[in-house]
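Sending over a structure as structure tokens; questions will come in a sec.
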Amino acid sequence: MTNRQSAHDNKGQGDVSEAKPISGQPIPAESKQDDRLASTSSASTGAHGHAAPSIAGGQRAAMMAVLLFGSFTALMAETFLNNALPTIMGAFGVTQAAAQWLTTAYLLVVGLMIPMSAWVFESFNLRTTFVTLMAVFFVGSLVCVFAPNFWVLLAGRIVEAAAAGGLMPFIQNVILMMFPPDKRGLAMGVTGLVIGFGPAVGPTISGLILKVSGFRTLFAILAAASVVAVLLALPLVRNITSPARGTTDVISFAESILGFGLMLYALSEVGNTGHVTLVLAVAFVLGVAIMALFCVRQLRLAKPLLDVRVFANVRFDLCTLLSTISNIAMVGIELVLPLYLQTTRGESALTSGLVMMPGALVMVACNPISGVLYDRLGIRRLSLFGFVMLLAGSVPMLWFSAKTSLALIGLCYALRMVGISFTMMTTFTAGINMSAAGLAAHANAASSTVRQIGGSLGTALAMLVISLAAVSWASAGRAAAQAIGYNWGFILMVVFALIGLVASCFLPGASAEHKAVAAASR
């Protein structure tokens with residue numbers, strides 16, 4: 001693995017021009033223009049590969065805005081088609097099971113790209129990588145706009161996902177470089193806003209667009225947004241890294257794609273159908289076995305695709321677990337609640353989106369606030385508060401019925417989103433801060449990979465629990481069995497909130513966390 005240079009590896013080097021980029025190689029001549037843009041007051045690097053040349057405030061904010069806009073576009077595309085599937089089914093004459101692959105395949109390919117994100121980040125120029133990813137996303141969107149049949153449309157979605165899967169970890173790595181550990185909370189809080197808000201507003205925005213236009217307009221909007229991102233990136237995104245290209249281990253790539261792909265496929269299918277078949281069980285077990293071989297191989301390589309040594313840090317593991325539970329809580333309820341609203345209550349898809357919209361807006365407000373508070377108070381207090389709020393919003397759901405008011409449903413969902421805002425990205429950031437110096441990109445990729453698997457697992461468990469409950473109470477009638485099934489799904493959400501609350505008690509206090517971050521930076 002290529003270890004990136006940190007401030008603690010360059011003590012006494014106060015001049016920006018003397019600091020080394022992340023690869024530890026001399027800064028090439030063409031990058032000196034970017035270096036002169038650095039603020040000399042913040043020339044030293046932060047822990048874990050924090051950028052050597054720190055960009056001045058206004059330019060840093062502009063660069064973050066462009067990167068997050070591109071990421072928001074890709075993340076919104078995850079759920080953009082949820083309301084368009086019936087229209088697509090009619091246009092191409094395909095079944096719902098086939099149309100669902102437009103979303104399932106997208107999420108699968110996004111997940112496959114995450115373990116490779118550290119290698120991509122360390123191997124290629126920063127601005128070139130972002131522009132390339134957005135250009136690939138544009139090509140995929142354009143293919144979808146002019147797709148003559150369903151299979152071409154699916155191919156375009158897969159191309160989109162290949163770019164989207166690399167964007168979020170990439171942008172998180174850039175933010176980790178631009179901000180020292182004690183300033184990352186706000187930056188990662190804003191990033192968390194994008195992670196949660198993009199997929200949350202996707203169905204609502206697409207629902208409104210589909211009332212006045214066709215499904216191809218959705219892809220035209222995504223294509224236009226990606227062009228805007230590229231045009232803004234050319235003058236505003238700076239090259240603050242020096243790539244160090246090494247030998248690519250083909251076996252590691254193959255193991256990652258095959259193992260991770262089988263696991264996500266099995267979990268996605270269980271989530272879609274609510275049933276476990278022998279084929280899916282075998283696929284999942286085989287995927288786990290291949291990923292075990294992948295991990296063993298990474299420990300033996302001098303330059304691993306994903307440095308799994310980050311999991312030797314118990315505090316990093318705990319933070320990753322809590323961030324994963326937060327993600328499960330978010331994607332789980334985003335699946336269960338619309339189903340409950342549309343089946344048990346007979347509400348429309350648009351009404352479901354509007355009920356959940358206040359929660360999305362609350363996340364917009366709370367993510368930056370949680371970031372600022374994390375920088376001041378540390379992770380333990382915020383995580384405890386977040387999971388208490390998550391529990392407070394989850395427990396009333398146990399009594400939801402066909403007559404529960406939409407206002408109460410929206411309020412409970414909003415309380416849950418407050419809790420998730422205070423836990424998901426803050427615990428993720430704390431884990432990165434307490435990971436070993438020079439492993440930030442790999443810690444990011446590892447944590448994001450676990451979180452992705454956790455999200456798929458949460459969806460699969462939720463659907464499995466709902467299906468089992470519905471089968472067990474089939475004698476009560478279809479409507480009653482479905483209502484009981486969703487109630488079991490809400491119980492599962494409460495269980496996850498309780499696990500997160502208990503686990504948060506084992507997080508270090510502010511003083512211990514500060515010492516852990518300082519020790520990791522050495």
Side-chain angles (χ1 to χ4, degrees), residues 72-112 134-165 167 198-229 264-265 268-274 331 334-335 337-339 341-343 346-357 360 456 459 463:
F72 175 84
T73 301
L75 286 167
M76 185 174 65
E78 286 187 9
T79 58
F80 217 34
L81 293 189
N82 285 9
N83 287 328
L85 293 183
T87 304
I88 293 172
M89 289 163 57
F92 294 117
V94 297
T95 64
Q96 182 176 348
Q100 186 64 40
W101 273 99
L102 292 172
T103 298
T104 302
Y106 190 95
L107 294 175
L108 278 173
V109 176
V110 166
L112 290 176
M134 292 308 306
V136 170
F137 188 85
F138 167 76
V139 170
S141 300
L142 207 60
V143 168
C144 292
V145 170
F146 298 104
N149 57 58
F150 174 78
W151 301 109
V152 174
L153 182 68
L154 180 60
R157 282 289 283 175
I158 291 173
V159 173
E160 281 184 334
L167 272 172
V201 299
T204 303
I205 294 176
S206 64
L208 294 173
I209 293 171
L210 289 171
K211 283 186 171 296
V212 297
S213 186
F215 75 89
R216 296 182 190 274
T217 303
L218 301 179
F219 294 107
I221 291 172
L222 294 176
S226 58
V227 170
V228 172
L264 287 178
Y265 166 74
S268 296
E269 279 298 285
V270 173
N272 288 336
T273 64
V331 300
E334 285 176 353
L335 171 69
L337 193 57
L339 289 174
L341 288 168
Q342 294 173 44
T343 57
E347 306 290 349
S348 67
L350 182 58
T351 299
S352 299
L354 293 175
V355 169
M356 298 170 73
M357 179 59 74
S456 297
T459 300
M463 284 305 298

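Positions are given from 1 along the sequence.
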Heavy-atom pair with the smallest gap, counting every atom of A223 and F138 = O-CD1, 3.5 Å
Could you tell me which non-hydrogen atom of M134 sits nearest to which non-hydrogen atom of A229, and how far apart they are?
-> CE-CB, 3.9 Å
Using a 4.5 Å cut-off on heavy atoms from C-beta on, say whether the side chain of V152 contacts that of F92.
->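 The answer is no, as the side chains (C-beta and beyond) never meet within the 4.5 Å cut-off.
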Interatomic spacing from OG in S213 to CZ in F215 - rounded to 0.5 Å =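 Those atoms lie 10.5 Å apart.
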Between OH on residue Y265 and CG on residue L108, distance to nearest 0.5 Å = 9.0 Å
How many angstroms lie between CD in Q342 and OG1 in T351, if you round to the nearest 0.5 Å?
->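 Here the rounded value is 9.0 Å.
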Might you point out which heavy atoms bring Y106 and F137 nearest each other, and give the distance in Å?
-> OH-CE1, 3.8 Å
Looking at OG1 of T73 and CD of E160, how far apart are the two atoms once the value is rounded to the nearest 0.5 Å?
->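 The distance works out to 10.5 Å.
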The reported gap from CH2 in W151 to CH2 in W101 (rounded to nearest 0.5 angstrom) is 10.0 Å
What's the shortest heavy-atom distance between L222 and S141, and which atoms?
->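 In this case the closest contact between L222 and S141 is CB-OG, 3.7 Å.
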Which heavy atom in M89 sits nearest to a heavy atom in A99, and how many Å separate them?
->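 Residues M89 and A99, closest heavy atoms: CG-CB, 3.5 Å.
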Spacing of CD1 belonging to I88 relative to CG belonging to L218, to within rounding of 0.5 Å =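 Reported to 0.5 Å precision, the distance equals 7.5 Å.
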So, the side chain of R157 versus the backbone of L102: is there a donor-acceptor pair under 3.5 Å, distance only?
-> yes
What heavy-atom pair brings A74 and L167 nearest, and what distance separates the two atoms?
->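 Of all heavy-atom pairs spanning A74 and L167, the closest is CB-CD1, 3.7 Å.
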